[in-house]
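In what follows, chains carry the letters A, B, and so on, assigned in the order in which the sequence lines appear, proteins first and then strands, with residues in each chain numbered from 1.
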Amino acid sequence: MTQSATHLLTPAEAAAHPPREAVVVRFAGDSGDGMQLTGGQFTLSTALAGNDLATFPDFPAEIRAPQGTTFGVSAFQINFGSTAIETAGDQPDVLIAMNPAALKTNAGDLRDGGLIIADEGEFGARNLAKAGYDANPLEDGSLARWQLVKFNISQLTLDAVKPFGLGNKEALRCKNMWTLGLALWMFDRERQPIQDWLKTKFAKAPELAEANIAALNAGHAYGETVEIGGQVHQTHIAAAPAEPGLYRTVTGAESLALGLIAGCQLAGLKMFFGGYPITPASALLHHLSRLKEYGITTFQAEDEIAAICAAIGASYAGQLGITSSSGPGIALKGEAMGLAVMTELPLVIVNSQRGGPSTGLPTKTEQSDLYQAVYGRNGDTPIPVIAARSPADAFDCAIEACRIATRYMTPVILLTDGYIANAAEPWRVPDMAGYTPFPVHFHDQPPAEGEGVMPYARNAELARPWIRPGTAGLEHRIGGIEKQPGTGNIDYSPASHQEMTNARVAKVLGVANSIPDQALAAGREGAALAVVGWGSTYGPIHQAVRRAIGRGEDVAHVHIRHIWPTPDNLGPLLKGFGKVIVPEMNTGQLKTLLRDQFLVDAQSVTKVSGQPFRIVEIEAAIEGALS
Amino acid sequence: MTQSATHLLTPAEAAAHPPREAVVVRFAGDSGDGMQLTGGQFTLSTALAGNDLATFPDFPAEIRAPQGTTFGVSAFQINFGSTAIETAGDQPDVLIAMNPAALKTNAGDLRDGGLIIADEGEFGARNLAKAGYDANPLEDGSLARWQLVKFNISQLTLDAVKPFGLGNKEALRCKNMWTLGLALWMFDRERQPIQDWLKTKFAKAPELAEANIAALNAGHAYGETVEIGGQVHQTHIAAAPAEPGLYRTVTGAESLALGLIAGCQLAGLKMFFGGYPITPASALLHHLSRLKEYGITTFQAEDEIAAICAAIGASYAGQLGITSSSGPGIALKGEAMGLAVMTELPLVIVNSQRGGPSTGLPTKTEQSDLYQAVYGRNGDTPIPVIAARSPADAFDCAIEACRIATRYMTPVILLTDGYIANAAEPWRVPDMAGYTPFPVHFHDQPPAEGEGVMPYARNAELARPWIRPGTAGLEHRIGGIEKQPGTGNIDYSPASHQEMTNARVAKVLGVANSIPDQALAAGREGAALAVVGWGSTYGPIHQAVRRAIGRGEDVAHVHIRHIWPTPDNLGPLLKGFGKVIVPEMNTGQLKTLLRDQFLVDAQSVTKVSGQPFRIVEIEAAIEGALS
Amino acid sequence: MNEHTTITTAKDWATDQEVRWCPGCGDYAVLKAVQRTMPDLNVARENTVFVSGIGCSSRFPYYMATYGFHTIHGRAPAVATGVKLANPELDVWIITGDGDALSIGGNHTMHILRRNLDCQILLFNNEIYGLTKGQYSPTSHVGTRSPSTPFGSVDRPITPCMYALGSGARFIARGIDVHKGLPEVLKAAHAHRGASFVEIYQNCVVYNDDVFAHFTDRSVAGQKQLWLKAGEKMLFENDSKGLALDTATLKLKVVEADDPAVIIHDPKNRGIAAMLIELPADFPVALGVIYEDPAATFESAVVEQNRKIAEGKTPDLQALVAKGQTWQVEKEPRAE
Amino acid sequence: MNEHTTITTAKDWATDQEVRWCPGCGDYAVLKAVQRTMPDLNVARENTVFVSGIGCSSRFPYYMATYGFHTIHGRAPAVATGVKLANPELDVWIITGDGDALSIGGNHTMHILRRNLDCQILLFNNEIYGLTKGQYSPTSHVGTRSPSTPFGSVDRPITPCMYALGSGARFIARGIDVHKGLPEVLKAAHAHRGASFVEIYQNCVVYNDDVFAHFTDRSVAGQKQLWLKAGEKMLFENDSKGLALDTATLKLKVVEADDPAVIIHDPKNRGIAAMLIELPADFPVALGVIYEDPAATFESAVVEQNRKIAEGKTPDLQALVAKGQTWQVEKEPRAE
Ligand SMILES: Cc1ncc(C[n+]2csc(CCOP(=O)(O)OP(=O)(O)O)c2C)c(N)n1
Ligand SMILES: Cc1ncc(C[n+]2csc(CCOP(=O)(O)OP(=O)(O)O)c2C)c(N)n1
Ligand code: SF4
Ligand code: SF4
Ligand SMILES: [Mg+2]
Ligand SMILES: [Mg+2]
């Protein structure tokens, strides 16, 4: 199994709060300023420096909101250090603000005494007005709580790129590289990889490559040579200890794509991916559509219903059908999921959760679709549900989804969310040889003379045979109407409906027999308090629990991947703890499932603001539960 | 409040098993034989005779399956008696079989020693073959377990109607009236009402009216005069005791339509009904579309999504939007329900549940959409859910749904099922003066100079104002994106999302403040065992519990109308019982809600066969739980 | 589809399942016509898939001894698209009704036609919802009394073939359930590469009996049926009358058969196709292949692109997961 | 709609909400055109409702000082139908995009046109999914490279106006976001009773910049834009060229303006409308009101039927609940 470049904090480390050797930097600017790019490249250099890290890109719902407006601000936060990093950090230590709006919307999050670096070139009257400043905050002392460093990055950039004779607009586009250069100097980083990247990015326009590199170098040189004053000094963050091996950074959307490809290969199947664009799920469609050589057909359907129906059709025809969307689109797939359950065809349904209800908050993260995944269908319609806890973990979860879908002939729902999809983390490149294949066997033996085809005969695990159209002698018909066991002929009789209902339920519950026992992410069995989570809350919960343990408290962290069915030992495990709290970015959905299944008095800790939990929020909940 | 013609069984009555003064008759024949009509008319005469009754029509999914086939058999069962009748009866005492297929598919259900009346005229070789009989069961003694009476109803009918010179086919169509005539004689009933009904039905074709009346009379005379042999004797069932008042029979679909009309009138609103045909929900659309004079606009949309969206649009414009469907169609409405929750508009969503998953068993009953109703949406999207327990009860539930939707500005889901929709029961005609109106107040006061419109301001119960387009000075925009409290302007900020999420949840939970406490349907608080049910399982549960009580057992019956939110006292009430079992026609859905909410060890008793529970099945579960 | 030579008869294409339509339903005639046509198509049962939605007509696949998928209401085109993309070798037939294809499923119908997926779409138009017991449908004429429109429907119906034309269909034809011409239409539809849209006027004896009698009835067939043949004059009423373009109004008019202006049917002319599809009530009804103009099929374009892009690339999963800038961590993990 | 006389200016129709489109987006021009047109329509803000789906274009209602409903993706026509049926007095505008109206929402678009609900439908066609960051749409030309089609799209696009014609629309027009002719088109759409379908070519500067330049660019506007006017000759290229019907091929051809065969635009001719909508690439693009032939509107027919049926009946709920055969129970309920 893969794992991210994480080691468990020692009590000593965990006690430190915030961990000494970690820094949180936030780049904030106009959507047009290329902050996501800057953040991405800084992330890369951070990874190459061997630090552990976690990032949190936070961009506006609008494609390109008007320049200078507060709702047009795009931010990228990175937390990196020489110790295990599992969240993007509660509070930035450094804020780089490219314009007044960016300062206005982000300064509040900065820790007291933190460092603000501002491009005073952008603090003209017009921009100040747009951001809703009456006076210039760089002048009026209103930022006294923090260390303020300002210089005219715009002008410095223009000077730096003058030789390349770009238009003013284009020249200013290099601002982000100047800023990146300065950041690289601040944290003692190599410029080479970035320079290489710029050369390939602008291969078609060498002068742009040169200009950007010049800006990068100028920003770096500025830090090195110019007297900025004591506040901005070079900090060196040592590399974080990690399992030896080859590493790369990966976002959830990337690892999900890779995992699904791996899953199909392990099953020996071609992939059919039916999708319809929706934020934040689209990225998966985009990644897969570039990888046709891996036997992938991507189909942008007319809507989510057609997307899942086409995937069901493809599974019927012998490929592995996969469909992906976010809350509103998943809602539309409900009826078709029922068809997949009735026809007992393999199917993987990926839900990249976003803020709801309805259109809600498309670009914000949330985990409020668990109810929908586990219970959200008409009829008794059980479907296995698994949830990824981090970008790296999404890889294994995707493989697991493919395994369950094909082994049990069932749709499987894979839950991820906007935070995981966009966030990046270091990932130890998995050795694919370490994964055992689970090749699919298509039934192709015609029945004996005089006997009929039995599409609904079941094996020991209650899975029915997968018969591909094109197989002579096994012609048969399937559909969404209740069936006679074995033959699959239409049958409304009470006995058949009861038997088939029981079989569908038992088959899915049986999945528990092929999944690992629930492990502890931290702490001990029978601890006084268990913090139970699922999905992207892993980071903050884990850090908070480790810190509590560091303080000598008897707390455990249980993080559930298999939401349905749950591992056989989960019940006993939970019953063994003194108390159970369940932090979720919803109003308490996993809590419902746990209380129903195990009758444990699990208490909710909820946050529904479109923002991930902060470590301190979980810590507070732990304190509250223990006191 | 209305109530059906029910009295609580005395222990003595309840002890009797099956109740002495009740008879269960099943009419079974070819879809073409008009069994539903026969049953309906027999029901009417039964009601007029003052018996309490319950019926169970059970017809094939096919429109008109080929004649004589087993899957083409249509049956109508009625249970009537001089005591409270709440189910259609576990086992028929009398089976009237119009052809071999009807005998084949129904004889098995007849109680040992029960009476079979068969039309031997239909037991020719061809029909026997179609039904899969090698020998003629009327001859080969294979029906020895039962009393068999056979005569050539077909021929007798032809003779009876000869004077009217109908074609053979048409003449034979009168068979069902001949049979009805015999049944009327058997149970000492008036023929007049049926004759009147025939006259109006065939007003345009008097000769048909005459022929059918002649057949009716002939059947009656046959019983009276001809020596059939001891088995068929006249039975008189005394009238059942009931609250005094005016009574009629009503099916769930009828009372639902009437209740929705009453609800709109009590709210002072016009009704907009958006529907798309689906079994068994279509009946509601059909009933309402005939009642335009009650200020109803019915709209058959292109699909279920358009149906609910049009209803939402109508509510936005100031009418009460109502939409109705069954499981698969409700699944398609999920996304739009989220929009109604976000825009906080009143809306009533009726789900006439049927067998699932997927297309499932369209004409069979089930209650497996509770999960979907309570949890089946993306995001944290709370919606009040109420469930009708009987045809008569559907009237009050419909009014309640309208009250909650308009008072709290929220969509409301009303659950009924195929059994309730089609079954008939006596209903004491309600005195509408007894219902307190809940008139809607549209906000129409423009804001003070310089102040903005506040579409998301909230009253004490957290409901927002309902503003009708067309109101000058209150122009505003709403939508599915998260909003700023008060103004309703688009707002993705963490604080706003948290506040609006909390408000949506709290508003729906607040509905509990305006609903009655949970009452006991039978038994005492703190009993050793509580049988907790919802929806159409009321009848069998209630009878079973009464019988157990009659046997001196300490059992209570709790039947929940308000599924979400639940009455405030429900938790304490359930915790007070020694044991709690939950019989459901699903795999345990209400059970999940009860365990989650109250942490009581509720145990499921499930049946998923497309058939209602039998009283004995619930009795067995009670015995099991008590032993 | 790959050649197939075993000789089959209609019987070989029928299943043992009991057919469950009302006695006298037009669906029986269509079923027979299809079963009689299959042996002439030189295709194998195992390579044939019938995909349907929900409705009386959509029960069709259960009666064909091929692969079959009875899906959900309105979604057959979407499921069929997945089937065909996953295995282009399969011969895909879609069976649908006026409600299934044009009410809930209208959007998928449009998109499968627009994309031009190679398949045959048989739309059983009985101008009613049969399975749900007779509500009016989007093709019901104004004034249709049904359980949901007891006082008559008020909305204007859609013309299926015009909808198909507007949706970009490249093959549009019409047939009649009990008419002997149906097999020929089915063969033409099958011969066409791409989405073949066939509207079949089907009589629902129970809920909409004889709604098409005004042109299907033998007694009026002559005047009321115009069977189109590519390259031949547009003649009807035993070739006594024909259609020509009125150059003043730029609309079609009825002329004597010998009028030189009688139009020769060019199935590629979209403008004329539109006029033929919408011939006024006092004209005959255009039947047979009204429009045909082949274009690249969706699945072939997808397969071709997949092939071209993959060409020369060797899929290497290990390389793929290790893509992008990487770094090596050497030091031992700290002991814990 | 009831007459309204207060004089308003464009400003009166604008909200205080910050407009959130990309700088340079064609949506700004359309917004201005609509705000400039409203004062001339003699309608009141409180009686005007803008209903939209989801997409960049669908943000439109937030910027109009009227009632507005930003619904869910593709469903605006359905919501608008409920609004209009509930209150026919309201003046309903639907704002939608090529993805919203023709991808997920294609079916509702067809049905609102078929039913002919009185409303104005403005379809912002930028041949791309803007809001979701640039995937190709059902109107994107073959070969469109987008995040979901990195090697170019392969499926054939739909022609919005042809789809509208096939769907039974009674008013079909085209405009260009930045073209001065847009307000006239909007007025005509508003004047038409029934569903007015208006396709607006809208430039997405970020994801599909200049995709319409080949006919919208000033430099080619002359040869490439044919602005239709009812009762006038079909002329373009400063009235130097015109369109005529080639009686041999029965297709349209370009002729000199003085050619007597030049067609006079009759908006009621559906066959010609089909040809105009689909003029080949070497022809100009037909703009303005291409087709108009009013018919009864859906909401008026519904209202009229509701009225007619209710006529003379006095709704009496008490009587209604007591309907059918009833019986009186006299005796006392037994004591318990
Ligand atoms: C999602 C969903 N909505 C509604 C239905 C109910 N339904 C089944 S078939 C049908 C319409 C059938 O009409 P048509 O397609 O014309 O087929 P026909 O029965 O006339 O052959 C409807 C509304 C359903 N099964 N599923
Ligand atoms: C049910 C659902 N599916 C998908 C989406 C994501 N989505 C929002 S807008 C859009 C398409 C926008 O394209 P278009 O209608 O052309 O509008 P434009 O942005 O180009 O103006 C999509 C796919 C959604 N919001 N809801
Ligand atoms: S209802 Fe109509 S369409 Fe359906 S089977 Fe019967 S006759 Fe055929
Ligand atoms: S993405 Fe395109 S359509 Fe959307 S606002 Fe930007 S420019 Fe306009
Ligand atoms: Mg039909
Ligand atoms: Mg667009």
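Within the 4.5 Å cutoff, the side chain of Thr359(A) has no heavy atoms near those of the Met342(B) side chain.
For the set Gly379(A), Ala602(A), Pro382(A), Ser493(A), the count of heavy-atom pairs under 4.5 angstrom toward chain B peaks at Gly379(A). Between chain B and the residues Gly610(A), Gly334(A), Pro328(A), the most heavy-atom pairs under 4.5 angstrom are made by Pro328(A). Ranking Leu593(B), Leu332(B), Val600(B), Asn351(B) against chain A, the residue ahead of the rest is Leu332(B), based on heavy-atom pairs under 4.5 Å. Among the candidates Pro494(B), Gly376(B), Gly338(B), Ala331(B), the residue making the largest number of heavy-atom pairs closer than 4.5 Å to chain A is Pro494(B). Between chain B and the residues Glu499(A), Gln367(A), Lys591(A), the largest count of heavy-atom pairs under 4.5 Å involves Lys591(A). By number of non-hydrogen pairs under 4.5 angstrom with chain B, the leading residue of Asp601(A), Val341(A), Ile490(A) is Asp601(A). The greatest number of non-hydrogen atom pairs below 4.5 Å with chain A, out of Leu594(B), Asn502(B), Asn586(B), is found for Asn586(B). The candidate from Asp491(B), Thr592(B), Thr381(B), Thr363(B) with the greatest count of non-hydrogen atom pairs under 4.5 Å with chain A is Thr592(B). With chain A as the partner, the residue from Gly327(B), Gly588(B), Gly360(B) showing the most heavy-atom pairs under 4.5 Å is Gly360(B). Per-residue heavy-atom pair counts under 4.5 Å with chain B were compared for Gln498(A), Lys364(A), Glu366(A), and the maximum is reached by Gln498(A).
A donor-acceptor contact shorter than 3.5 Å is absent between the side chain of Gln372(B) and the backbone of Arg377(A).
Contact annotation for Arg354(B): neither backbone nor side-chain heavy atoms come within less than 4.5 Å of a heavy atom of chain A. Neither the backbone nor the side chain of Lys333(B) comes within contact range of chain A, judged by heavy atoms closer than 4.5 Å. For Gln589(A), the part lying near chain B is the side chain, with the backbone staying farther off; criterion is any non-hydrogen pair under 4.5 Å. Of the two parts of Thr587(B), the backbone and the side chain both hold a non-hydrogen atom closer than 4.5 Å to a non-hydrogen atom of chain A. Residue contact with chain B, scored on non-hydrogen atoms closer than 4.5 Å, involves the side chain of Ile305(A) exclusively. Only the side chain of Val505(B) comes within contact range of chain A, with heavy atoms under 4.5 Å apart. Of the atoms belonging to Val374(A), not a single heavy atom falls under 4.5 Å from chain B.
Across all their heavy atoms, Arg595(A) and Asp596(B) have their closest contact at NE-O, 2.7 Å. The shortest heavy-atom contact between His497(B) and Gly356(A) is CE1-O, 3.1 Å.
A side-chain contact (heavy atoms from CB on, under 4.5 Å) with Pro357(B) is found for one member of Arg504(A), Met500(A), Met337(A), Glu335(A) and no other, namely Arg504(A).
Atoms OH and CG, from Tyr371(B) and Asp380(A) in turn, are 8.0 Å apart once rounded to the nearest 0.5 Å. Expressed to the nearest 0.5 Å, how far CD1 of Ile330(B) lies from CG of Asn378(A) amounts to 9.0 Å.
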